[in-house]
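Here the structure is laid out as structure tokens; the discussion comes afterwards.
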Number of protein chains: 2
Amino acid sequence: MSQPRFRNWQAIQDEVLRRIHARDWPPGHVIPNEVDLAAEFGCARATVNRALRALAEAGMLERRRKAGTRVALHPVSRATVDIPVIRQEIEDRGQSYTYRMFSRKIARPPVSIQARLCPDSPVDCLHVTALHLASGVAYVFEDRWINLATVPAAANQNFDTISANEWLLATVPYTHGDISFTAEAAAGAEADLLGTARGAPVFVIDRTTWDHDRAITTVRLSYAPGYRIRTSVGTPVSV
Amino acid sequence: MSQPRFRNWQAIQDEVLRRIHARDWPPGHVIPNEVDLAAEFGCARATVNRALRALAEAGMLERRRKAGTRVALHPVSRATVDIPVIRQEIEDRGQSYTYRMFSRKIARPPVSIQARLCPDSPVDCLHVTALHLASGVAYVFEDRWINLATVPAAANQNFDTISANEWLLATVPYTHGDISFTAEAAAGAEADLLGTARGAPVFVIDRTTWDHDRAITTVRLSYAPGYRIRTSVGTPVSV
DNA sequence: CAGTGGTCTAGACCACAAT
DNA sequence: TTGTGGTCTAGACCACTGA
């Protein structure tokens, strides 16, 4: 059953997608294994593997050893979001970046923060609040706790010229992190600093990062009204 | 210069990341080419390629033919966000899904929508508004325009049992899409349907999808208060 | 033009998990 | 136990792009 012959992994990917959309392979269907597909497509197994692995990363297929490869039951749009350093984000918009720190003190965090940074036992943390401005206008308010047990060097940084956001990303490698996006009503002080009315909708990013099993920092970034995260969903089908 | 010998692409990835974090290879630095690295690591070039390609996809490296591979100047956190079908999203939370359509009519869209769906010339579109409920509680309000020039079959769907969200994802393949996230104040009717106060912060997803160069649909999803998108930043370093 | 990454091949061995 | 995907190898050719 030698088809016209597929020369590269993207052509194979397109053909697999075509069969999925044509319902030749409906959701849940177990598709032929790599050896058989390679024979059908007239290519090496590694090429089929490349195509199927890309589709699995895109969420179209689910692959398990021995069980084989099946079409995902619930198609999802998988978007990749880049979260840059704040200074870079502002300068990329062609605006000038300024930074103003408001507070910096070492303390035991409240329980809600403690649950994220040091669930086992309370430790000293560095609490920093600051405002990032774009061309002199409030852009995002940063409320950050840094685990001094994990990052003792942070205690020697005063963060008056370089933001904690930037210093941490450049200095402390992390293995993984949690991120969440919400819409919240601006609280009192936060609203004033962002130059908006209290209760106005603000876009909030909560992020916690770890180095292996040790929490590094947790931060709440509240963006001034009008902030928008843009992204795109990949192009599973080439061209 | 045979190092201890790196056996797999993840070990190579870890070693490259170690050198980046150790500033052996600072941001902007052009690292050795694949052939040299393969010789140093004692493995095949394909293995080095696999490791470097993964790091490039994660945003840590920038690769260009002839120019070589360099450490990214501005480290970014690249998170992947899954955007599931709404029914699935609700059922995954262990809640029951119900759906209620409010309006469905064919019309020429307003200019703001027209700019996204048919920038060249106005065409007939199907405008659908509906509410998705989780265990009987308003979850998200859907305000959608479907380009009938691209998807004529939509005109025959009444969307009273299956939502446009679900029907489109299951029926119409797309090649790419734009997505954006914002926090906005609930407008009048929207606020009433979502069961929240007018002006309350709502999380909004705007999405437009295309099939090649033909726009399929554009939708605004406004989520009831409390909605949160969770994701995580990859684990470039294995374990 | 020439150096780099992008990809393909044919074969091999391994790791995992369903049976 | 055994079938499947996961990966590695050594070599080859190609495509892009900087000089």
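Values below: every heavy atom of this structure, side chains too, minus hydrogens, waters and symmetry copies. Below, chain A is the first sequence line, B the second, and so on; all start at residue 1.
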In whole angstroms, how far is the P atom of C/dG5 from the NZ atom of B/K66?
11 Å
From the candidates C/dT7, D/dT9, C/dA18, the one with an atom nearest any side-chain atom of B/A46 is D/dT9
To the nearest angstrom, the CD-P distance between A/E34 and C/dC8 comes to 14 Å
According to a strict under-4.0 Å criterion, is A/N49 in side-chain N/O contact with OP1 or OP2 of D/dG6?
yes
Report yes if a side-chain nitrogen or oxygen of A/T69 is closer than 4.0 Å to either non-bridging phosphate oxygen (OP1 or OP2) of D/dT4; otherwise report no.
no
Parallel under 30°, tilted from 30 to 60°, perpendicular over 60°: which one fits the rings of A/F181 and A/F203?
tilted
Side-chain N,O (B/T47) to OP1/OP2 (D/dT9) below 4.0 Å:
yes
Spacing of B/F41 atom CZ relative to D/dC8 atom C1', expressed in whole Å
16 Å
So for A/R53 and D/dT7, does any side-chain atom that can act as donor or acceptor lie under 3.5 Å from a complementary atom in the base?
no
Separation of C/dT4 atom P from B/E62 atom CD, nearest Å, is 18 Å
Could you tell me how the ring of B/W210 sits relative to the ring of B/H176: parallel (under 30°), tilted (30 to 60°) or perpendicular (over 60°)?
parallel
On DNA chain C, does the nearest nucleotide to B/V35 precede the nearest nucleotide to A/W9 from the 5' side, or the other way round? Give the residue.
B/V35
Rounded to whole Å, the CZ-P distance (A/R63 to C/dA15) equals 18 Å
Between A/R228 and B/S180, does the side chain to side chain donor-acceptor pair (under 3.5 Å) criterion hold? Intermediate values first, please.
CA-CA 6 Å; A/R228 178 180 295 264; B/S180 72; 2.7 Å; yes
If you find the nucleotide of DNA chain C closest to A/R64 and the one closest to B/G68, which residue's nucleotide is nearer the 5' end?
B/G68
Starting at CZ of B/R50 and ending at C1' of D/dG5, how long is that distance when rounded to a whole Å?
12 Å
Nearest whole Å is fine: how far is D/dT4 P from A/R45 CZ?
11 Å
Integer-rounded Å distance: C/dC14 P and B/Q10 CD:
18 Å
Using a strict cut-off of less than 4.0 Å between a Lys/Arg side-chain nitrogen and an Asp/Glu carboxylate oxygen, indicate whether A/E57 and B/R53 qualify as a salt bridge.
no
Among B/E91, B/Q88, B/E89, find the residue that satisfies the side-chain hydrogen bond (donor to acceptor under 3.5 Å, both in side chains) test when tested with A/H74.
B/Q88
Per atom distances to the B/R65 side chain, the nearest of D/dG5, D/dA15, D/dG3 is D/dA15
A/N8 has a side chain; which of C/dT9, D/dG3, C/dT7 sits nearest to it?
C/dT7
